There are 2 protein chains.
Amino acid sequence: MISLTEENYLKELFNLSSESGEVNVNELSKRLEIKMSTVTSMMKKLAEKELVHYESYKPLKLTEKGKIEAGLIIRKHRLTEMFLVEKMGFGWEDVHEIAEQIEHIQSVGFFEKMDEQLGYPTIDPHGSPIPDKNGKIVWPTYSKLSECKAGETVRLSAVINTSSEFLKFLNVREMKLGLKIKIKSIEIFDKSMEVSYGKKPSETLSNIVCERLLVEKEGRF
Amino acid sequence: MISLTEENYLKELFNLSSESGEVNVNELSKRLEIKMSTVTSMMKKLAEKELVHYESYKPLKLTEKGKIEAGLIIRKHRLTEMFLVEKMGFGWEDVHEIAEQIEHIQSVGFFEKMDEQLGYPTIDPHGSPIPDKNGKIVWPTYSKLSECKAGETVRLSAVINTSSEFLKFLNVREMKLGLKIKIKSIEIFDKSMEVSYGKKPSETLSNIVCERLLVEKEGRF
DNA sequence: ATATAAAGTTAGATTAATCTAACAAAAATA
DNA sequence: TATTTTTGTTAGATTAATCTAACTTTATAT
């Protein structure tokens with residue numbers, strides 16, 4: 001049995017390793033807001049349970065079993081977010097906090113019903129892929145908007161940061177997933193971008209923002 | 001702040017006192033499947049927090065504050081059960097276990113959305129009243145079917161036991177809330193009742209069952 | 001009314017999850 | 001390379017929630 005606390009460690013390990021590859025105790029500690037000493041002892045416990053490969057002073061790694069368990073928790077989180085947006089009328093900026101709690105509900109039927117009612121979605125409201133019933137996840141090949149070139153037209157496919165402040169920022173600018181964005185020019189000095197999209201003929205997006213927007217390049221035709 | 005564990009004690013205290021009036025440590029202990037010694041120490045803790053009136057060897061009583069807090073938890077439980085049945089397609093026999101978990105979710109918006117989508121319901125799928133936003137509850141004046149007389153026609157308004165076995169028993173017999181039931185006769189020996197309802201011209205219900213069915217007497221006309 | 005049973009309490013131990021403080025290893029820098 | 005900083009570990013304490021075992025109070029039954 002995996003405790004709620006252990007679930008949180010597994011989930012953050014999973015998230016951190018998809019973001020930054022290698023995960024160390026310090027990073028995990030900061031992310032969970034739990035002291036390093038506590039993280040170390042929890043890693044030993046999770047290693048006992050064969051959910052984590054742990055060696056002193058080495059980077060942390062989930063075992064295959066750990067990845068699956070983490071994937072299943074993230075599946076519950078993302079299905080919940082989708083349900084909250086699609087079926088309950090929440091904005092994408094309000095769902096994270098609730099999903100953080102509902103992801104720990106133990107009930108196969110509950111999440112199966114959500115999945116079914118949503119028509120078996122594969123991405124959540126922020127564009128992140130939803131792991132399948134076996135906990136497996138496939139990340140589509142998105143690029144950061146910040147890495148695109150002037151003149152390109154791209155489609156907004158996901159957002160990296162799901163903080164409600166960032167999402168509200170996007171709301172104000174009428175930016176949502178699926179939006180077609182044209183990159184008009186890039187300021188070399190600060191890498192800010194002048195773009196057009198929807199009804200907006202010209203908006204400037206800072207590099208900080210562009211780093212957090214994932215896009216797909218439009219087939220040229 | 002009230003912990004999840006404390007919430008469970010408050011809720012069971014509330015439920016037991018509406019069922020049986022006075023609540024003692026032993027009953028609460030059995031209901032929560034927690035040893036009496038643990039219950040005693042938790043009662044002292046809840047008394048510290050002014051949620052329970054506690055005196056050694058005396059029956060347990062919620063304070064006004066404790067009743068409100070308990071009412072708010074039960075509100076979340078019953079709104080959830082209603083949501084699961086009405087909006088997610090669960091049967092009334094499957095919702096208790098899930099609601100036991102979701103009742104602990106901390107999010108005002110989540111339960112407000114449920115309430116709104118359900119049209120501000122006042123009873124849950126088992127006929128129990130849903131406490132209002134202030135944690136206040138009003139029990140309608142139901143009678144037990146077992147206390148009715150032969151010849152009476154009554155309407156099934158609530159079920160006392162929400163165990164999935166009992167509810168499945170009712171499902172098999174096509175009994176659901178709102179059903180009009182005619183009491184044809186009562187067997188004096190074991191107090192079982194011969195009744196008719198819906199498409200069933202004659203069914204026998206044991207006293208055990210009749211004790212768990214709450215009904216409203218139909219206005220005679 | 002006294003003995004027995006049931007209910008309730010107290011003391012002390014246990015477990016999970018956390019912390020602080022001291023120490024050790026690894027990485028960065030002078 | 002030697003020193004300093006950062007990162008990681010260990011040891012020991014703390015808190016919440018639980019338990020067992022011993023004891024006490026209240027209720028029940030002869």
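Since the structure is predicted, the reported quantities are computational estimates derived from the model, not experimental observations.
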### Message
It should be established whether A/Thr38 places a side-chain nitrogen or oxygen under 4.0 Å from OP1 or OP2 of nucleotide C/dT18.
### Response
no
### Integer-rounded Å distance: C/dT18 C1' and A/Met43 CE
14 Å
#### Entry: Nucleotide nearest A/Lys44 (side chain, heavy atoms from C-beta), chosen from C/dT18, C/dA7, D/dT10
D/dT10
### Query
D/dG8, C/dT20, C/dT9: which one has an atom nearest the side-chain heavy atoms of A/Ser37?
C/dT20
### Query
Just checking, any donor-acceptor pair under 3.5 angstrom between side chains of A/Trp92 and A/Asp124?
no
### Message
On the nucleotide C/dT10, are OP1 or OP2 found under 4.0 Å from the side-chain N or O atoms that B/Tyr57 carries?
### Response
no
### Task
Looking at every strand, decide which applies to A/Ser56 at a 4.0 Å heavy-atom threshold: base, sugar-phosphate, or nothing.
sugar-phosphate
### Task
Take the protein atom NZ of A/Lys58 and the nucleotide atom C1' of D/dT9, then report the distance between them rounded to whole Å.
15 Å
### Message
What is the separation between atom NZ on A/Lys35 and atom C1' on D/dG12, rounded to the nearest whole Å?
### Response
17 Å
### Message
Within the 4.0 Å heavy-atom criterion, would you say A/Thr5 contacts the bases, only the backbone, or no part of the nucleic acid?
### Response
sugar-phosphate
### Query
Can you check the B/Met36 CE to D/dC23 C1' distance for me, whole Å?
13 Å
### Query
Does the side chain of A/Glu22 come within less than 4.5 Å of A/Ser17's, by heavy atoms?
no
### Distance, rounded to the nearest Å, where B/Ile34 contributes CD1 and C/dG8 contributes C1'
16 Å
### Task
Would you indicate which nucleotide in D/dT18, C/dC19, C/dT9 comes nearest to any side-chain atom of B/Ser41?
D/dT18
## Note on the structure
B/Ile2 CD1 to D/dA16 C1', in whole Å, measures 16 Å
### Query
C/dA7 C1' sits how many Å from B/Asn24 CG, rounded?
8 Å
### Task
Compute whether any side-chain donor of one residue and acceptor of the other, for A/Asn26 and A/Lys30, lie under 3.5 angstrom apart.
yes
### Message
Can a side-chain donor-acceptor contact be found between A/Glu194 and A/Thr204 if the only test is distance below 3.5 angstrom?
### Response
no
### Query
How many Å lie between CE on A/Met42 and C1' on C/dC19, as a whole number?
14 Å
### Task
Compare side-chain N and O positions of B/Tyr54 against OP1 and OP2 of C/dG8 and report whether any pair is under 4.0 Å apart.
no
### Task
Classify the ring geometry between B/Phe83 and A/Phe83 as parallel (under 30°), tilted (30 to 60°) or perpendicular (over 60°).
perpendicular
